[in-house]
Number of protein chains: 2
Amino acid sequence: MTTIKDVAQLANVSIATVSHVLNGTRFVSKEVQLRIMNAMETLNYQPSAVARGLRTKKTNTMAIIIPDITNPFFADFTRGFQDVVDQKGFLVLVCNSDRILTREIRFLEMIWQQRVDGVVLNPAMVKVEDLSRLVKARISVVLIGSQIDNPDFNVVMIDNVKGGFDATQHLIDLGHRKIGLVCGLLNTTSGGLRYQGYLKALEENGIPFQDDLTAEGPITYEGGYQCTRQLLSKNELPTAVFATSDVMALGAKTAIEDVGLQIPGDISLIGFDDIPEVSRTRPRLSTIAQPKYGMGQEAAIILLEQIENKQTNTRKRVVMTHKVIARESTAALK
Amino acid sequence: MTTIKDVAQLANVSIATVSHVLNGTRFVSKEVQLRIMNAMETLNYQPSAVARGLRTKKTNTMAIIIPDITNPFFADFTRGFQDVVDQKGFLVLVCNSDRILTREIRFLEMIWQQRVDGVVLNPAMVKVEDLSRLVKARISVVLIGSQIDNPDFNVVMIDNVKGGFDATQHLIDLGHRKIGLVCGLLNTTSGGLRYQGYLKALEENGIPFQDDLTAEGPITYEGGYQCTRQLLSKNELPTAVFATSDVMALGAKTAIEDVGLQIPGDISLIGFDDIPEVSRTRPRLSTIAQPKYGMGQEAAIILLEQIENKQTNTRKRVVMTHKVIARESTAALK
DNA sequence: TCATTATACGTAAACGTTTACGTAAAGGTT
DNA sequence: AACCTTTACGTAAACGTTTACGTATAATGA
């Protein structure tokens, strides 16, 4: 691989001069500039970002650690993030944790070693202690959609409790009182917060909580399907179901239809996230919309600002607004 | 940030010794090992991958350049790729080109500068010349789903012509003869190859080609919708539609339904890719299944092997098998 | 004409690792 | 006792940049 030294030699100048035309960091005569450009061309030269990174302590690289890029929510989020950091010339490492603690920690260490300039993390299992080592190392971190609402970290999130509340209230407004809940694992995900909102809505409306109306499972299509089948196997059926994520809601939809029930005729269904797919199903699913792409953008903006100002001490907390989107899958109780 | 020097100093040894315990590359007495481990612990030390990369000329990093991570096909592919390189300790940079030439080239240069160990690329606009510079720089490249079937590059792909042929033949077998085509831009995508398959099937079955039965557009939901509306605005309607990608097929589905026609009653519809969503729609869409995840794995395997053996000279070409999946959206012509 | 200042570029150290060599001390061999 | 091996670690160069200084030449002013 050809280096700056080769270029300097061929152009008959010092490597300093080459470096300076490379970065436009001091005046170089047109003549010499041309010689250098030509040399770079004929030698097929590309500067080494790793050598540069060693010297400048900037890698122009970000990392994003999410459960699964295959989940449309995180794909959208990631895209939003990338689109804005890309404009500033950053590349991004994406890591799939599958919500497994050892993986989260392993990736955290690997990207630390990579000396990335910033990290966005959707923390599932990882605890604050594991993260504080990172910020001590002066790496900027922003947490997303997190239940770790800690003032020591930048956070971009929505009000998940309010979101769960709104979804439930929407069903209640339609007359439902027997409302099933299909939920991600309570302790690890934002599902737990949405569950709190669910409880709050029930309470405020004087509806007693029924344990057998809730089911907990992995946040996947399959998970949603299994949880819903479980709900529907009880002797007392819900008239509406709130799934705390759209991928689970899609599973719920199939489960409901598989047992021969109609949506929304027999059972209303509302999800969470507003991934593209749920607006294309028949019936189209009601849901709580999160500004996925926008949240990615916000995370990027926070990191870029911290990096440019080298201020790793201040903390930002942006909570974005969700929206209940009533489509065809929720209807008034007959 | 603490360095190997700090650790060496605190442990009262040379940096060489620290390096050796770090990498397990020569014997160090238990006693000294312990001192060093403790020092690393108390100093919160993590080795710098960038310094290491400069010295060893290996970054333990791969890059993948795809049109859009938001497209489920590429998300799945990426996941397959990441899952296998992850086992070997590689991180991966993902870049969204949006099939824009300048972006493809820009990313190619950026990752080159990053000295990634390997690249997988879904080339949309980029030409062979742009790539040969990369391989000259001894970076391993594998192309995926490419119409650049060039012996100078590693390729993992399916037989897109055959795929297009099979999809069309499936419709013909059902009695259709007026078959519409909804296609990505012909010159830039694998859609072009599938289009060839379409033509071949028509020809072999003695069906004349009709120009006004084909429409070309961006490979998105919207693109599929617009193309299909265009087809349906002609005075002679097709009895079946082949969309060369599932995301376009989803748009086609909505378009057909929007003009009040039934699938498959009035029009049969078949897509390409078998993304998860099309098996959940009503009716479920017929499609040509690609082993997305598996293709990602294959790409990774090729790169890893080339990297381990430092042989950037040999080329591999693996063509994976597709499968026609007949679901509810295709039916016999009445 | 000589000192001063501008102009345009060069020298060399530093960034944090790895690794080819080198070496001091201890143990073995004759 | 002298020499050779082995053991366990240290020295220093190199990787490819950036950047604080240094410097030769030309231009300017008196």
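Throughout, a chain's letter reflects where its sequence line sits, starting with A, and its residues are numbered from 1. Excluded from the calculations below are hydrogen atoms, water molecules and symmetry mates; all remaining heavy atoms, backbone and side chain alike, are included.
Atom NZ in B/Lys5 sits about 13 Å away from atom C1' in D/dT11, given to the nearest Å. Atoms CG (A/Asn60) and C1' (D/dT17) sit 14 Å apart, rounded to a whole Å. C/dT17 atom C1' lies 20 Å from atom CZ of A/Arg52, rounded to whole Å. In this structure, B/Leu54 places its CG atom 10 Å from C1' of C/dT18, rounding to the nearest Å. Distance, B/Gln9 CD to D/dG10 P: 13 Å, rounded to whole Å. As rounded to whole Å, 12 Å separates atom P of C/dT19 from atom NZ of B/Lys58. A straight line from CG of A/Leu22 to C1' of D/dT17 spans 9 Å, rounded to a whole angstrom. One atom, CD1 of B/Ile4, and another, P of D/dG10, lie 12 Å apart when rounded to the nearest Å.
The bend of the helix from C/dT1-D/dA30 to C/dT30-D/dA1, defined by the angle between the axes of its first five and last five pairs, stands at 60° to the nearest 10°.
Among the heavy atoms of the strands lying under 4.0 Å from A/Val13 are primed sugar atoms or P, OP1, OP2 only; no base atom is included. At the heavy-atom level, B/Ser19 lies under 4.0 Å from base atoms of the strands shown. Looking at heavy-atom distances under 4.0 Å, B/Val32 makes contact with sugar-phosphate atoms alone, never a base.
Annotation: of the two residues near DNA chain D, B/Lys57 and B/Ser29, the 5′-most nearest-nucleotide partner is B/Ser29.
Residues passing the side chain to side chain contact (heavy atoms under 4.5 Å, CB included) test with A/Ser132, sequence neighbours excluded: none. In this view, A/Ile105 and A/Leu101, A/Val126, A/Asp130 satisfy the side chain to side chain contact (heavy atoms under 4.5 Å, CB included) rule, not counting sequence neighbours. Residues passing the salt bridge (Lys or Arg N to Asp or Glu O under 4.0 Å) test with A/Arg106 are B/Asp86, sequence neighbours excluded. Residues meeting the salt bridge (Lys or Arg N to Asp or Glu O under 4.0 Å) test with A/Lys316, sequence neighbours left out: A/Glu305.
Applying the salt bridge (charged side-chain N to carboxylate O under 4.0 Å, His left out) test to every pair with at least one member in residues 34-59 of chain A, sequence neighbours left out, gives these pairs: A/Glu31-A/Arg35. Identified under the salt bridge (charged side-chain N to carboxylate O under 4.0 Å, His left out) test for residues 63-85 of chain A, with sequence neighbours left out: A/Asp68-B/Arg79, A/Arg79-A/Asp83, A/Arg79-B/Asp68, A/Arg79-B/Asp98.
The closest donor-acceptor contact from the side chain of B/Gln46 to the backbone of A/Ala137 lies at 3.5 Å or more, if one exists at all. Judged by distance alone, the side chain of A/Arg103 and the main-chain N or O of A/Asn96 form a donor-acceptor pair under 3.5 Å. The backbone N or O of B/Leu193 lies less than 3.5 Å from no partner atom in the side chain of B/Asn160, so there is not a single donor-acceptor pair. The main-chain N or O of B/Val135 is never found under 3.5 Å from a side-chain atom of B/Arg138 such that the two would form a donor-acceptor pair. Side-chain atoms of A/Asn122 come within 3.5 Å of backbone N or O of A/Ile144 as a donor-acceptor pair. Formation of a donor-acceptor pair under 3.5 Å by the B/Asp117 side chain with backbone atoms of B/Asn60 is found in this model.
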>> Across nucleotides 21-27 of chain D, 5' to 3', mark each nucleotide with B, S or - according to how protein heavy atoms within less than 4.0 Å reach it.
In response: B------
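For the contact set between residues 39-48 of chain B and DNA chain D, defined by any heavy atom under 4.0 Å, there are no members.
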Every protein N/O within reach of nucleotides 12-14 of chain C N/O, cut-off under 3.5 Å:
from	atom 1	to	atom 2	distance (Å)
C/dA14	N3	A/Arg55	NH1	3.3

Contacts under 3.5 Å, N or O only, protein and nucleotides 4-7 of chain D:
none

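Distance from the side chain of B/Ala51 is smallest to C/dT17 among C/dT17, D/dT18, D/dT11.
Side-chain contact check for B/Val116 versus B/Leu93: some heavy-atom pair is nearer than 4.5 Å.
Phosphate contact (OP1/OP2 of C/dT18, side-chain N/O of B/Thr56, threshold under 4.0 Å): absent. Phosphate proximity of C/dG10 to A/Thr17: present, with a side-chain N or O under 4.0 Å from OP1 or OP2.
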Tell me which donor-acceptor pairs under 3.5 Å the side chains of residues 4-16 of chain A have, and how far apart each pair is, sequence neighbours excluded?
from	atom 1	to	atom 2	distance (Å)
A/Asp6	OD2	A/Thr3	N	2.8
A/Ser14	OG	A/Ala16	N	3.4
A/Ser14	OG	A/Thr17	N	3.3
A/Ser14	OG	A/Thr17	OG1	3.3

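No more than 12 heavy atoms of other residues, nucleotides or ligands lie within 6.0 Å of CE in B/Met37, so this atom counts as exposed by the packing criterion.
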> Given B/Ile64 and B/Phe77, is the side chain to side chain contact (heavy atoms under 4.5 Å, CB included) satisfied, shown in steps?
Replying inline: CA-CA 10 Å; B/Ile64 174 171; B/Phe77 178 89; 3.8 Å; yes
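Counting only N and O atoms by type, the side chains of B/Asn154 and B/Gln306 include a donor and acceptor under 3.5 Å apart.
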